[in-house]
Amino acid sequence: MNLWNNEPGPASNVVIPEIYLDAAATTPPLPNVLRCMDRIQKDAWANPSSLHGPGLIAAEALGRCRAQIAAALNAEPDQLIFTSGATESVHLALLGAMDQQPVGRLVISAVEHPAVEAAAQVLVQRGWVLERWPVDATGVLKLDQLDRLLAPPTRMVSLIWAQSEVGTLQPLLPIAASCRERGVLIHTDATQLLPQGLIDWSSLPIDLLSFSSHKLQGPRGVGLLLHRQGLIQQPMQGGGGQEGGLRAGTEPVALIAGLAEALQTLPHFDPFHQSTPPGATPQLLGWRDRLQAQIEAIDGVTVLHGETTPRLPNHLACLITTAGGSPLSGRRLVRELARRNVACSSGSACRSGTVQDSAVLSAMGVETALRQSLLRFSLGPWIDLAVLDQVPERLQLAIRASA
Ligand SMILES: Cc1ncc(COP(=O)(O)O)c(C=O)c1O
């Protein structure tokens with residue numbers, strides 16, 4: 001039986017809206033990912049911990065996926081812990097590594113995803129001191145704070161590598177190297193970075209790294225925590241002894257196979273020599289810049305980043321006002337654009353169900369009235385340039401309808 005035989009099958013068609021510009025929220029699964037999952041679900045459906053024939057087939061499939069993912073990331077297979085997504089990975093990283101340690105200071109950036117904030121608050125309830133690393137107006141961490149923030153009693157640092165709402169990339173490597181020198185543990189939430197380029201785990205001075213499969217055209221419901229051996233001392237929940245005893249629960253082999261398949265399509269990112277991850281296709285950056293130039297020409301649109309800010313190659317965040325300068329509601333604009341077949345977002349998908357202030361924009365010093373006016377366009381290789389060129393006109397119509 002060939003578990004990797006990706007013959008076209010009924011599961012290969014995905015319906016994508018005409019102009020889907022919300023990659024940072026989630027991405028459409030690749031046809032080969034769906035075919036691979038379909039096959040694994042049929043052929044290796046059993047519990048990989050079972051000792052009978054079907055169980056051994058599932059265990060073999062799981063082992064092959066683990067090896068394939070480890071090879072893609074240049075990690076050891078036992079440095080991978082499969083989770084349900086980045087939210088769980090982040091919690092396992094912070095709580096699994098620190099819960100049994102003496103209390104100290106945890107430093108996170110002022111622009112973290114709510115998942116990191118939530119995990120950090122659990123440690124605060126257990127006596128930890130939490131400090132947020134400030135950022136400048138572009139969302140980049142202020143490096144002049146490094147010595148103060150890495151000094152005792154700091155025991156752990158958790159920094160988002162690529163920010164989801166505004167796309168800013170952080171100078172993670174110099175900070176991670178300083179953490180290493182000082183014996184401070186460092187975790188990064190790389191959920192938005194990984195889709196733009198595979199990292200070489202063995203070369204990075206990072207202890208723990210989280211990401212989620214659905215941001216990189218894999219399935220929803222599976223994520224990964226990369227860890228250096230011995231750092232995760234405590235699973236988050238009890239039960240079975242899966243994942244080396246560090247994550248209880250029957251492994252979703254088909255989802256993991258989908259993740260393995262999706263990773264194969266990504267280019268490599270060498271953060272030691274490249275300032276920006278390459279993105280899934282060479283054209284992506286050009287498309288983003290072209291869209292940026294077109295929408296910047298519209299009265300009332302202010303793109304958050306200048307030429308020099310390091311940011312994700314597929315990300316475009318802007319604040320929208322009327323031509324007269326009155327802030328418009330990003331949520332209203334998203335709905336107006338959706339009516340015109342453009343799918344985008346007004347910030348983090350995890351916030352967008354509720355009207356909340358953006359802690360990220362606040363940390364960047366954006367004035368209160370404007371913080372509801374964010375529009376985020378995030379691109380992926382499924383987009384075709386001909387339809388992308390229609391976005392500026394539809395945005396103008398949406399602005400007129402929202403004013
Ligand atoms: C930076 C970042 N971290 C964590 C998450 C949470 O990922 P998941 O929903 O897969 O748990 C997201 C998803 O929006 C994200 O963008």
Side-chain angles (χ1 to χ4, degrees), residues 20-29 33 81-96 108-122 132-133 135 139-141 158-170 172 187-197 199 206 208-226 236-237 247 249 252 255-256 258-259 262-263 277 310-317 334 343-354 356 358-361 363-364 374 376-380:
Y20 185 75
L21 300 176
D22 208 7
T26 200
T27 52
V33 165
I81 303 176
F82 293 116
T83 64
S84 61
T87 301
E88 186 187 336
S89 297
V90 157
H91 279 76
L92 185 54
L94 269 60
L95 305 178
I108 65 174
S109 83
V111 291
E112 288 302 317
H113 186 273
V116 171
E117 278 285 339
Q121 288 304 331
V122 177
R132 290 181 186 77
W133 195 317
V135 296
V140 176
L141 292 164
S158 181
L159 301 173
I160 192 165
W161 197 337
Q163 217 291 322
S164 41
E165 282 178 55
V166 296
T168 312
L169 294 164
Q170 299 300 350
L172 193 69
H187 164 253
T188 184
D189 176 356
T191 307
Q192 296 292 344
L193 182 105
L194 251 289
Q196 302 305 316
I199 45 88
I206 296 170
L208 298 148
L209 182 147
S210 298
F211 70 90
S212 207
S213 146
H214 68 100
K215 309 282 187 182
L216 46 86
Q217 297 203 265
R220 275 124 289 269
V222 62
L224 197 64
L225 175 62
L226 282 170
M236 297 258 300
Q237 69 255 6
R247 200 276 185 175
L255 297 180
I256 292 168
L259 167 60
L263 287 174
R311 62 173 162 151
L312 286 167
N314 71 327
H315 201 289
L316 177 50
V334 167
C344 64
S345 159
S346 62
S348 162
C350 307
R351 282 202 304 117
S352 58
T354 52
Q356 278 176 14
S358 165
V360 172
L361 294 180
M364 289 165 60
L374 184 75
R376 176 184 74 183
F377 300 107
S378 43
L379 288 63

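Atoms within each ligand, like the ligands themselves, are counted from 1 in listed order.
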Side-chain heavy-atom pair [X], [Y] within 4.5 angstrom cut-off:
X      : Y      : result
Trp161 : Leu209 : yes
Val166 : Val360 : yes
Ser84  : Arg247 : yes
Leu92  : Ser210 : no

Distance filter under 4.0 Å to [X] heavy atoms, resulting ligand 1 atoms:
X      : value
Ile160 : 1 (C)
Thr191 : 1 (C), 2 (C), 3 (N), 4 (C), 12 (C), 15 (C)
Ser212 : 8 (P), 10 (O)

### Query
Can Gln170 and Ser109 be counted as having a side-chain donor-acceptor contact under 3.5 angstrom?
no
#### Entry: Min N/O separation Ala86 to ligand 1 under 3.5 Å
yes
Record the part of [X] in heavy-atom contact with ligand 1 below 4.0 Å; permitted values are side chain, backbone, both and neither.
X      : result
Lys215 : side chain
His214 : side chain
Ser164 : side chain
Val90  : neither
Thr87  : both

### Least distance between heavy atoms, Ser158 atom then Leu94 atom
OG-CD1, 3.8 Å
#### Entry: Option set Gln192, Glu88, His91, His113, criterion heavy-atom distance to atom 5 (C) of ligand 1, minimum
His113
## Note on the structure
side chain to side chain contact (heavy atoms under 4.5 Å, CB included) with Ser345: of Leu374, Leu21, Asp22, only one passes, and it is Asp22
